[in-house]
Amino acid sequence: MAKLFRAVIMGPPGSGKGTISERIAQRFGLTHLSSGDFVRENIAANTDAGVLAKTYIERGLLVPDHVMTRLLLPRLEEMTRHSWLMDGFPRTLAQAKALNSTCDLDLVISLNIPYETLKDRLSDRWIHPASGRVYNMGFNPPRVQGRDDISGEPLIHHDDDKPEALVARLRQYKDLAKPIINLYKSKGILHTFSGTDTDRIWPYINSLLSTKIPSTSQTDTQRIPMP
Ligand SMILES: Nc1ccn([C@@H]2O[C@H](COP(=O)(O)OP(=O)(O)OP(=O)(O)O)[C@@H](O)[C@H]2O)c(=O)n1
Ligand SMILES: Nc1nc2c(ncn2[C@@H]2O[C@H](COP(=O)(O)OP(=O)(O)O)[C@@H](O)[C@H]2O)c(=O)[nH]1
């Protein structure tokens, strides 16, 4: 790839960040960095930051900024030769400022999806916890019901994804995302996409990115939490 490319994807829970990030990674050969997957990996590996992060996630809280930045920024610094797309970070203005001081972002994608759509999708979202692979019983069902396509292990449904929890999560997203979105707007790198279907939003994202990065024939890009 000629020029390195750094992008962030933002959106409320269920807006399709993970799904669209996978498509972008496949089509353009960027590394998909999922902060949530990275946190889960650190928890599984019992790192100091992972142990700390777990105490917050278990209570349904966001991991504090200093822990998230301690987890992520050193890894990003190792990615100086890679193009990447970050999903799930920054979640707060403090995280956005910390990211700013580490690298220059080329582009920010913000997904704007109606509440009813988010509610429907999340009530149908099933996750393979070990890998972070995500399914939806209507949109992208697993080959065998209730089982991960690759490992065959059981899929789970997060309590967080139940409609009762969604209103609070959405409110939190809106409050926290607003100043981040304003920051990226003022930098002239924010692109917002609205709609109810990923398949209808995707062509617009695809054509925007095609003007910014060369496509790749690479088809074996993996979901990579971090390098
Ligand atoms: N910048 C971040 C990223 C992740 N997390 C923590 O890690 C968890 C898992 O993150 P993610 O996989 O992004 O999942 P969700 O919050 O469930 O987000 P979404 O529904 O949008 O995929 C979050 O709930 C949160 O506790 C965090 O605190 N700060
Ligand atoms: N019905 C439907 N489900 C979708 C669509 N796009 C994504 N999904 C599913 O909706 C859920 C949320 O998507 P995900 O990519 O995990 O969103 P994230 O929380 O923003 O990362 C997952 O179960 C996806 O498989 C869509 O256009 N229609």
Side-chain angles (χ1 to χ4, degrees), residues 1 3-13 15-18 20-21 24-25 28 30-112 132 160 168-193 209 212-213 223-227:
M1 205 175 293
K3 180 191 172 301
L4 292 175
F5 189 79
R6 273 65 191 265
V8 159
I9 185 163
M10 297 179 59
S15 55
K17 298 180 295 295
I20 289 170
S21 297
I24 293 174
F28 297 98
L30 306 185
T31 301
H32 172 198
L33 304 174
S34 160
S35 61
D37 284 359
F38 187 55
V39 171
R40 283 182 283 273
E41 282 206 340
N42 272 270
I43 292 175
N46 260 316
T47 65
D48 289 349
V51 170
L52 200 51
K54 189 174 176 201
T55 63
Y56 292 90
I57 293 182
E58 277 174 349
R59 286 178 285 156
L61 299 173
L62 285 181
V63 179
D65 293 332
H66 70 277
V67 180
M68 281 312 294
T69 50
R70 202 172 92 203
L71 273 171
L72 284 174
L73 297 186
R75 294 307 188 126
L76 282 186
E77 278 158 18
E78 289 169 16
M79 295 286 289
T80 47
R81 289 151 173 261
H82 294 263
S83 288
W84 48 255
L85 169 70
M86 175 72 89
D87 160 15
F89 184 95
R91 276 272 230 298
T92 65
L93 186 60
Q95 291 176 16
K97 287 182 175 165
L99 182 59
N100 234 351
S101 59
T102 308
C103 68
D104 277 328
L105 289 176
D106 297 290
L107 183 103
V108 175
I109 294 170
S110 171
L111 301 173
N112 183 19
D160 253 14
R169 290 175 81 202
L170 272 182
R171 188 171 310 121
Q172 184 189 47
Y173 173 77
K174 279 190 181 155
D175 291 347
L176 291 175
K178 203 169 173 188
I180 308 177
I181 285 175
N182 287 338
L183 172 73
Y184 291 143
K185 207 184 276 177
S186 72
K187 287 176 167 290
I189 55 173
L190 182 78
H191 295 261
T192 301
F193 298 87
L209 291 181
K212 312 255 181 208
I213 28 178
R223 181 189 179 92
I224 303 174
M226 276 287 158

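Note that the numbering runs from 1 along the sequence shown for the chain. Small disclaimer: the values here were computed from a predicted structure and weren't measured.
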For T47 and N42, does a side-chain donor sit closer than 3.5 Å to a side-chain acceptor? yes
Which pair of non-hydrogen atoms, one from L170 and one from P13, has the smallest distance, and what is that distance? CD2-CD, 4.2 Å
Can you name the closest pair of heavy atoms from S83 and F5 and give their distance? OG-N, 2.8 Å
In sequence, state the C-alpha distance, the side-chain angles, and the governing distance for L33 and M79, and then conclude on side chain to side chain contact (heavy atoms under 4.5 Å, CB included). CA-CA 10 Å; L33 304 174; M79 295 286 289; 4.1 Å; yes
Donor-acceptor contact present, side-chain R169 to main-chain D160, <3.5 Å: yes
One pair to check against side chain to side chain contact (heavy atoms under 4.5 Å, CB included): I57 and K54. What are the steps and the verdict? CA-CA 5 Å; I57 293 182; K54 189 174 176 201; 5.8 Å; no
Residues in side-chain contact (heavy atoms from CB on, under 4.5 Å) with I24, at least two apart? I20, F28, L30, L85, I109, W202, I205, L209
Side-chain contact test, heavy atoms from C-beta onward, threshold under 4.5 Å: evaluate it for L105 versus K187 and give yes or no. no
With a 4.5 Å heavy-atom cut-off, do M10 and I180 have their side chains touching? yes
Shortest non-hydrogen pair, H32 vs G18, comes out as CE1-O, 4.1 Å
On a heavy-atom basis, the closest approach of L99 and P90 is CD2-CD, 3.9 Å
All salt bridge (charged side-chain N to carboxylate O under 4.0 Å, His left out) counterparts of D48, not counting sequence neighbours: none
Within a 6.0 Å radius of atom CG on D175, are there more than 12 heavy atoms belonging to other residues, nucleotides or ligands? yes
Would you compute the distance between atom OG of S110 and atom NZ of K185 and round it to the nearest 0.5 angstrom? 9.0 Å
Compile the donor-acceptor pairs under 3.5 Å between side chains in residues 58-74 and protein atoms, sequence neighbours left out, one pair per line.
| residue | atom | partner | partner atom | Å |
| --- | --- | --- | --- | --- |
| R59 | NE | T55 | O | 2.9 |
| R59 | NH2 | T55 | O | 3.4 |
| D65 | OD1 | T92 | OG1 | 2.7 |
| D65 | OD1 | Q95 | NE2 | 3.0 |
| D65 | OD2 | T92 | OG1 | 3.4 |
| T69 | OG1 | D65 | O | 2.8 |
| T69 | OG1 | H66 | O | 3.3 |

For K17 and D87, work out which heavy atoms get closest and say how close. CB-OD1, 3.5 Å
Quick one: does I189's side chain get under 4.5 Å of D106's, heavy atoms only? no
Minimum side-chain heavy-atom gap R6-D104 below 4.5 Å: no
Look up atom CG in L93 and atom CG in N100, then write down how far apart they are to the nearest 0.5 Å. 9.5 Å
From CE (M86) to CZ (R75), nearest 0.5 Å: 11.5 Å
Taking every heavy atom of V39 against every heavy atom of A53, the minimum-distance pair comes out as CG1-CB, 4.0 Å
